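Shown next, in structure tokens, is the structure this report addresses.
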Amino acid sequence: MSTTTASGSIANPAQLDPPHGYRVLAWLGVLVNVLVIPLVLLTILRDSTWRTTNIAVAAGGVLPTAAMGLVACIALLRWRYWGLVLAIVALSLSLAVILPYGIVRFVLLEQGRLTLAIVCPVLLAANVVILVYWCRPVIRSYLR
């Protein structure tokens, strides 16, 4: 049985056997959240038609979600329970941003519809699968 310190971290996390996929998804989350920032910037600079809309969505939803997701993944790698809560909130916020933006862009803009019709559902499905993974009871019991 592992002991926890006063800060809530596990005394010796190297001795623990995390659930299958825990470390891979946490590291993948760090990577994706770090890459989101330059990709958002590229999207804003490249798309002159929706520049104002993209800036508003990026500043109000995407960048805060990416920052929260990055902090959550780092906390999960350090075996912090609050990282799990933050990851669930970040993934839920991501769903709340991707779905309406994808629908509105699909309806109003003809350019890139096929790409959007492929990318948006893939992102939504991946987001839901990852959200379900982090909501599993085995993850909560592992971090407690």
Side-chain angles (χ1 to χ4, degrees), residues 1-47 50-107 109 111-144:
M1 181 117 198
S2 66
T3 59
T4 58
T5 63
S7 68
S9 64
I10 296 173
N12 193 359
Q15 293 177 343
L16 297 177
D17 186 28
H20 184 69
Y22 180 94
R23 286 188 183 120
V24 171
L25 278 179
W27 277 111
L28 187 64
V30 169
L31 179 68
V32 167
N33 285 305
V34 165
L35 289 176
V36 161
I37 297 166
L39 288 175
V40 165
L41 209 57
L42 179 68
T43 302
I44 290 170
L45 294 174
R46 196 186 84 221
D47 188 7
W50 275 42
R51 183 164 289 148
T52 305
T53 306
N54 288 336
I55 290 171
V57 170
V62 177
L63 294 178
T65 302
M68 189 184 314
L70 183 61
V71 171
C73 290
I74 291 170
L76 287 168
L77 288 170
R78 297 186 49 90
W79 285 271
R80 303 289 198 272
Y81 183 77
W82 59 266
L84 176 63
V85 175
L86 203 58
I88 292 169
V89 171
L91 287 164
S92 300
L93 184 58
S94 178
L95 283 173
V97 171
I98 293 172
L99 185 61
Y101 179 75
I103 291 170
V104 169
R105 187 170 176 111
F106 186 79
V107 170
L109 195 61
Q111 173 189 352
R113 257 191 200 164
L114 180 61
T115 304
L116 187 66
I118 295 169
V119 170
C120 196
V122 168
L123 284 175
L124 286 169
N127 207 340
V128 168
V129 167
I130 295 168
L131 183 60
V132 168
Y133 176 84
W134 289 119
C135 288
R136 294 180 332 160
V138 70
I139 304 293
R140 287 192 307 272
S141 63
Y142 170 71
L143 289 172
R144 286 205 187 248

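Keep in mind that the numbers below use all heavy atoms, side chains included, and drop hydrogens, waters and symmetry copies. Keep in mind that this is a model prediction, so the values were computed, not measured.
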Distance-minimising heavy-atom pair for [X] and [Y]:
X     : Y      : answer
Cys73 : Ala26  : CB-O, 3.5 Å
Ala87 : Ala72  : N-CB, 3.4 Å
Pro64 : Ala58  : CD-O, 3.7 Å
His20 : Tyr133 : O-OH, 2.8 Å

Side-chain donor-acceptor contact under 3.5 Å, Thr43 with Asn54: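 Asn54 and Thr43 do not have a side-chain donor-acceptor pair below 3.5 Å.
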Are the side chain of [X] and the backbone of [Y] linked by a donor-acceptor contact shorter than 3.5 Å?
X     : Y     : result
Arg80 : Arg78 : yes
Asn33 : Gly29 : yes
Tyr22 : Leu76 : yes
Arg23 : Leu77 : no

Measuring from atom [atom1] of [X] to atom [atom2] of [Y], what distance do you get when rounded to the nearest 0.5 angstrom?
X      : Y      : atom1 : atom2 : answer
Arg136 : Leu131 : CZ    : CG    : 12.5 Å
Leu93  : Ile98  : CG    : CD1   : 9.5 Å
Cys120 : Ile103 : SG    : CD1   : 7.5 Å
Arg113 : Ile118 : CZ    : CD1   : 14.0 Å
Ile55  : Leu45  : CD1   : CG    : 8.5 Å
Ser92  : Trp134 : OG    : CH2   : 14.0 Å

Residues Asn127, Leu123; criterion side chain to side chain contact (heavy atoms under 4.5 Å, CB included); working and verdict: CA-CA 6 Å; Asn127 207 340; Leu123 284 175; over 6 Å; no
Close side-chain approach of Val71 to Trp82, heavy-atom, < 4.5 Å: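 In short, these two side chains touch, coming nearer than 4.5 Å.
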